[in-house]
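The structure appears right after this line, and notes come after that.
Values in this document were obtained by computation on a predicted structure and should not be read as measured data. Counting starts at 1 for both ligands and their atoms, in listed order.
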Amino acid sequence: MAKYKVADISKAPHGANKIAWTWQYMPSLQFLENKYKAAQPFKGATIAACLHLEAKTACLLLTLTRLGATVAACGSNPLSTQDDVCAALAEGGVNVFSHRGMTIEEYFAYVRDILDFKPNVIIDDGADVVATVHKERPETIPSILGASEETTSGVKRLKAMQDDGALKLPVISVNDAFSKYLFDNRYGTGQSVWDGVMRTTNMVIAGRTVVVAGYGWCGKGVAKRAAGLGARVVVTELDPHKACEALMDGFDVMPMEEAAKVGDIFLTLTGNISVIDERHFPLMKNGVIMGNAGHFDVEINKPDLERLSDHVEHIRDNVDTYVMKDGRRLNLLGEGRLVNLACADGHPIEIMDLSFSLQLEAALHVYTHKMTPGVHAVPPETDRAVMESKLAALGIGLDKPTQKQTEYMKSWAD
Ligand SMILES: NC(=O)c1ccc[n+]([C@@H]2O[C@H](COP(=O)([O-])OP(=O)(O)OC[C@H]3O[C@@H](n4cnc5c(N)ncnc54)[C@H](O)[C@@H]3O)[C@@H](O)[C@H]2O)c1
């Protein structure tokens, strides 16, 4: 019998329908489940997962249980947890600890709840579980085989831990696989951020000036889709190469202090702190929309915004209007948390099918191999196999090199 702390277990049938809808569009995960089902490769494994608890994640967690694992899961963000999905997961045999709108204290209590299951494998999204193990439960480290990490900001933290000599666990950086960042970060974020902005505001994007902070994998996707929707796009960057890339992709590039004056919609995707803060709020036009899609809610400085405002109106679901002392109204979406998850359902299903296929393979690798502490890449053959299975599911074939071509590519003579 699964243990759970969820908001309302009676919502399970609604959550189960969401999961059933999602599962039909996850051919790659289905393929892996069928491939491994007979062998039950996770028998004996206890997996602690901290992920965005919505329907696509539910499909991964249920697959892991069907492959033999005991799974304990908590939500990785207060506004990305869907209560009905959590209820369905609890009914489906997953141990679940989360509710939408949880406080930061409740969030860390839930992280501890999943660690109480004494996991031997961790699936993390933002590195909080791995960091908590190191800070609060170092004595459990020898019993943990390792972890896998989903996102850029989590990998950045883990690499910082590694550089400090603090990382005592092996962690596979799922984020750095081609099958992850080329698709999830770029096309997944690109589409779902606009889904979040549009369903929350009901506003037209065409003709507006959209400021995209950060032209990394996520920012590129968001900028491209903004242009497709008819927006004028302005990019802000710290990195000269990324700035030049944005320019050559056809976008304006300028510092945030200039962009603040012209933007109608601001989206941050940097993984950095205070990208929009007290330097910028006074320069903005009345009625601007601001959203963040970076992992942590520190990119738009909420304390600065609050300090500079006269009062805040909660005007619409997921929209807080900060009324400034001069009367301008600056709108923040989803409390500055991941806008595509707080204000929509996160990445499209088919995109997460790829990312979660990698997560499954990474967790299996961690469970079946003895790895050394440190941040590890996804094995290249796994990365390729996941993409091949995706193409096969879409009915798309690849050319195979001829003998002559293979020899030519290896030769150095004329
Ligand atoms: N919303 C989602 O669903 C989702 C999905 C994947 C990743 N993420 C998160 O999005 C963030 C970005 O991820 P990524 O993969 O694009 O990272 P990335 O490293 O590819 O890109 C980040 C870019 O931001 C730039 N940057 C940093 N500080 C800046 C600043 N002050 N002003 C302007 N530009 C700045 C960097 O130069 C870099 O080009 C991370 O926090 C990641 O965890 C979110």
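Of the heavy atoms in Met256, none comes closer than 4.0 Å to ligand 1. Only the side chain of Asn340 comes within 4.0 Å of ligand 1, judged by heavy-atom distances. The parts of Leu238 lying near ligand 1 are both backbone and side chain, judged by heavy-atom distances below 4.0 Å. Only the side chain of Leu338 comes within 4.0 Å of ligand 1, counting heavy atoms alone; its backbone N, CA, C and O stay farther away. The proximity of Glu237 to ligand 1, defined as any non-hydrogen pair under 4.0 Å, involves the side chain as well as the backbone.
Considering only non-hydrogen protein atoms, atom 13 (O) of ligand 1 sits nearest to Thr152 OG1, 3.4 Å. The protein heavy atom nearest to atom 18 (P) of ligand 1 is Gly216 CA, 3.9 Å. For atom 22 (C) of ligand 1, the nearest protein heavy atom (residue, atom name, distance) is Thr270 O, 3.6 Å. When hydrogens are left out, the protein atom nearest atom 5 (C) of ligand 1 is Thr189 OG1, 3.5 Å; that is the closest non-hydrogen contact. Of the protein's non-hydrogen atoms, His295 N, 3.7 Å is the one closest to atom 9 (C) of ligand 1. The nearest heavy-atom contact from the protein to atom 28 (N) of ligand 1 is Asn272 ND2, 3.0 Å. Atom 43 (O) of ligand 1 has its closest protein heavy atom at Thr151 OG1, 2.7 Å. The single protein non-hydrogen atom nearest to atom 12 (C) of ligand 1 is Leu269 O, 3.6 Å, given as residue, atom name and distance.
By the 3.5 Å distance cut-off applied to N or O atoms, Lys180 is not counted among the residues near ligand 1. In terms of N/O distances under 3.5 Å, ligand 1 is approached by Ser153. Remark: ligand 1 and Glu299 share no N or O pair separated by less than 3.5 Å (distance only, no angle test). Any N or O atom pair closer than 3.5 Å counts here, and Ala293 shares at least one such pair with ligand 1. Between Cys218 and ligand 1, at least one pair of N/O atoms sits closer than 3.5 Å.
Among His347, Lys180, Lys220, the one residue that satisfies the side chain to side chain donor-acceptor pair (under 3.5 Å) test with Asn185 is Lys180. Here the options are Arg157, Lys135, Arg112, the test is salt bridge (charged side-chain N to carboxylate O under 4.0 Å, His left out), and the partner is Asp128; only Arg157 passes.
With respect to the salt-bridge test (charged N to carboxylate O, under 4.0 angstrom), the residues Asp297 and Arg337 qualify. In this structure, Arg66 pairs ionically with Glu33, as a charged nitrogen and a carboxylate oxygen lie closer than 4.0 Å. Electrostatic pairing of Asp317 and Arg199 does not count as a salt bridge here, judged by no charged N lying under 4.0 Å from a carboxylate O. In summary, Glu54 and Lys56 engage in a salt bridge, as defined by a charged side-chain N under 4.0 Å from a carboxylate O. A salt bridge links Arg137 and Asp116; the closest N-O separation between the charged side-chain nitrogens and carboxylate oxygens is under 4.0 Å. Comment: Glu278 engages Arg307 in a salt bridge, judged by a side-chain N to carboxylate O separation of less than 4.0 angstrom.
Residues Gln82 and Leu53 fail the side-chain proximity criterion, which asks for heavy atoms closer than 4.5 Å. Thr70 places none of its side-chain heavy atoms less than 4.5 Å from the side chain of Ile47.
Residues His52 and Ser80 have side chains that bring a donor and an acceptor to within less than 3.5 angstrom of each other. Looking at His314 and Asp320, their side chains do bring a donor and an acceptor atom within 3.5 Å of each other.
Among pairs with a residue in residues 361-389, those fulfilling ring pair (Phe, Tyr, Trp, His ring centres under 6.0 Å) read His365-His369, at least two apart in sequence or across chains.
In this structure, Trp217 is part of the shell of residues with a heavy atom less than 4.0 angstrom from ligand 1.
Annotation for ligand 1: atoms under 4.0 Å from non-hydrogen atoms of Gly214 are 24 (O), 25 (C), 33 (C), 34 (N). Close approach of ligand 1 to Thr236 is summarised as follows: ligand atoms under 4.0 Å from at least one heavy atom of the residue are 33 (C), 34 (N). Distances below 4.0 Å separate heavy atoms of Asp239 from the following atoms of ligand 1: 37 (O).
In the candidate list Val193, Leu267, Val275, Val212, Val275 is nearest to atom 32 (N) of ligand 1, counting heavy atoms.
By the salt bridge (charged side-chain N to carboxylate O under 4.0 Å, His left out) test, Asp124 is found to be paired with no residue, residues two or more places apart in sequence or in another chain being considered.
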